[in-house]
Number of protein chains: 2
Amino acid sequence: MQKRSQETRSNILQAALALFANTGYDAASVAEICQAAGVSKGAFYHHFPSKHAVFMEILQNWLALLEQQMVATLQEAQDVPHALLHMADLMQHIFEQASGKMPMFLEFWAQASRDPEVWQVVIAPYQHYQQFFEALVQRGMAEGTLEAHNSQVAAQSVTALALGLLLQGILAPTQADWSTLPKQSIQILLQGLAKK
Amino acid sequence: MQKRSQETRSNILQAALALFANTGYDAASVAEICQAAGVSKGAFYHHFPSKHAVFMEILQNWLALLEQQMVATLQEAQDVPHALLHMADLMQHIFEQASGKMPMFLEFWAQASRDPEVWQVVIAPYQHYQQFFEALVQRGMAEGTLEAHNSQVAAQSVTALALGLLLQGILAPTQADWSTLPKQSIQILLQGLAKK
DNA sequence: AGAATCATACCGACCGGTCGGTATTTTAGG
DNA sequence: CCTAAAATACCGACCGGTCGGTATGATTCT
C-alpha cells in the first residue's frame, strides 16, 4: 500500500506550510516540522532531499493552484471590466481560504528576491500574469470599454493593487473588511481606466 | 572624544542594514555583520544588547525617515489631487535612494507579522498614514475635487497601490521604469476618484 | 525474501551571546 | 599642563545549544 506513504508526504507538506507561515522558513526547524507532522526525521528525508526542497514544492503547489483558479475565473468573463471584477472575487476567495497561511506569501517573496533558483520559479508566472493583464487591458481598449492607456502601466497597477491589499491583509487583518475591499478597490481603479 | 564610538555604532548599523537586506535577518550572522563593519564582536555587544536590538533600531530609523519625508512632502500641497501626486514623487525618490536595500522592507513586514513587539512598532505609523490618507480623501471630497467615495476604502487603495509597487520593484527591478510608474499609477487611481 | 518506508542515534558546522582582559579616552588632582 | 586614575570602548577566544543532514537498523508492505 502506498497510501501511507502519500499521507506521510502530505502531512509533512501541510505541517511545513503551517510552520513556515507562522514562524518563517529559517525559524521552522526540520525537527519541529516532523513533530507537527507526526513523522520521524528519517521519513522526512526519505521523501524530500532537503528542507529547501519542501519549500520549493509548497511554492510550486501554490503557484499551480493560483494559475488554475485564475484560468477558471477567466473563462466566465466576456466583458473586460467584468473580468477584472471576477478577479477581485477570486482574490476575496483566496483571502478566505488562506486563513493564517498568508504570511507564507511573504516568505515566498523574500526568498525569491534573494535566491536565484526561487526567483526563476516565481518570475515566470509573474510575467505571465502581467502579460495577461496587459492583453486584457488592450482588449478592453479595443472593445471600447476602457479609455486609452499605456497597457503595461495599467497592468502593473492592477497587480500592485492586488499585492498591496495582500500585504495589508497580512499586517492588519482585522482593520478592514477583506471580504469586500478588493472588489471596491478594483472598482475605483476601473473607474480610472474606464471610458466615460 | 566620542566620535570613534559613534562611528563604530554607525558602521554596525550600516553593515547590518546591508546584510539584512541582502541575505535576510536570520541568515545574516553577527559575525558577518562585525566583519563587514570592520569591528569586533565585543564592540558589537558593547553597543547593542542583541542582534534583535540592531534590527529594531534600523526599523525605527527607517520609520522616522519615512515620517519626516512624508510631512515635508505634505507641506507643499494645496490641492488634494496634487498632494497625492506629490506622494507619488516621494515614492519615486524613495525607490532611487534605497538602491539594493529594498528587500529590507520585506524583512520588516515579515517580522512585524510574527513578532508582536515589532508589530506594535510598525502598526502605529501604518494606522497613522492610513488615517492621513483618509483625511486627505475627505478633504478632496469637501473641496469638490474628488467624487464621493468610502474614504476608508479609498485610503486603503492608495496604500495598497504604493505597497504593491514596492513589492514589484523588489522582485522585478528591471522590468519597468520605476522612476515614472508610481506617478502614472496614482494618476489612474486618481482618475477613478476624481470628479469629472 | 526484498524493496520501500520509517525510526533513532548521531555528526560537524555554525550561531548568538558571554567574558576576561586590553587599548583608548576622559576626568581630576597637583 | 602633566599625570594618574577612572571610565569607556574594544578585542577575540570561547560556550552551550541548535540546526540541517546522515548512517544505520527496524518495520511494513508486496
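A, B, ... follow the sequence lines: proteins, then strands. Residue 1 opens every chain.
Rounded to a whole Å, the CD1 atom of A:Ile33 is 12 Å from the C1' atom of D:dC19. When rounded to the nearest whole Å, the span between CZ of B:Arg9 and P of D:dC10 equals 11 Å. Nucleotide D:dG20 holds its P atom 14 Å from the CD atom of A:Gln35, rounded to whole Å. Distance CD (B:Glu32) to P (C:dG16): 9 Å, rounded to an integer number of Å.
Residue A:Lys41 has its side chain nearest to C:dA9 when only C:dA9, D:dC19, C:dG16 are considered. In this structure, the nucleotide among C:dA7, D:dC19, D:dA9 sitting nearest to the side chain of B:His47 is D:dA9. Closest approach to the A:His46 side chain among D:dC19, C:dT5, C:dG16 is made by C:dT5 (side chain taken as heavy atoms from C-beta onward). The listed nucleotides are D:dG20, D:dC11, C:dC6; the one nearest the side chain of A:Val30 is D:dG20. Considering only the side chain of A:Tyr45, D:dT22 comes nearest among C:dC15, D:dT22, D:dA9. The side chain of B:Ser29 lies closest to C:dG16, out of C:dC6, D:dC10, C:dG16.
In this structure, A:Phe133 CZ and A:Met70 CE are separated by 4.0 Å, a value rounded to the nearest 0.5 Å. With rounding to the nearest 0.5 angstrom, the CD atom of A:Gln152 is 9.0 Å from the CD atom of B:Gln175.
In this structure, B:Lys51 satisfies the cation-pi test against B:Tyr25, with its NZ or CZ atom closer than 6.0 Å to the six-membered ring centre and inside 45 degrees of the ring normal.
None of A:Gln14, A:His46, A:Glu57 except one satisfies the side-chain hydrogen bond (donor to acceptor under 3.5 Å, both in side chains) rule with A:Arg9; the exception is A:Glu57.
Both A:Ile94 and A:Phe132 are part of a single hydrophobic cluster, where members link through side-chain heavy atoms under 4.5 Å apart.
Take the nearest nucleotide of DNA chain D for B:Gly38 and for A:Gly42: the residue whose nucleotide is more 5' is B:Gly38.
The side chain of B:Thr8 places an N or O atom within less than 4.0 Å of a non-bridging phosphate oxygen (OP1 or OP2) of D:dC10.
For DNA chain D, the neighbouring residues in residues 11-28 of chain A, judged by any heavy atom under 4.0 Å, are A:Ala28.
A tilted orientation is assigned to the rings of A:Phe105 and A:Trp109, their planes being inclined by 30° to 60°.
Taking the side chain as every heavy atom from C-beta outward, A:Phe108 and A:Val118 never approach each other to under 4.5 Å.
B:Lys51 comes within contact range of the sugar-phosphate backbone alone, with a heavy-atom separation under 4.0 Å but no base atom that close.
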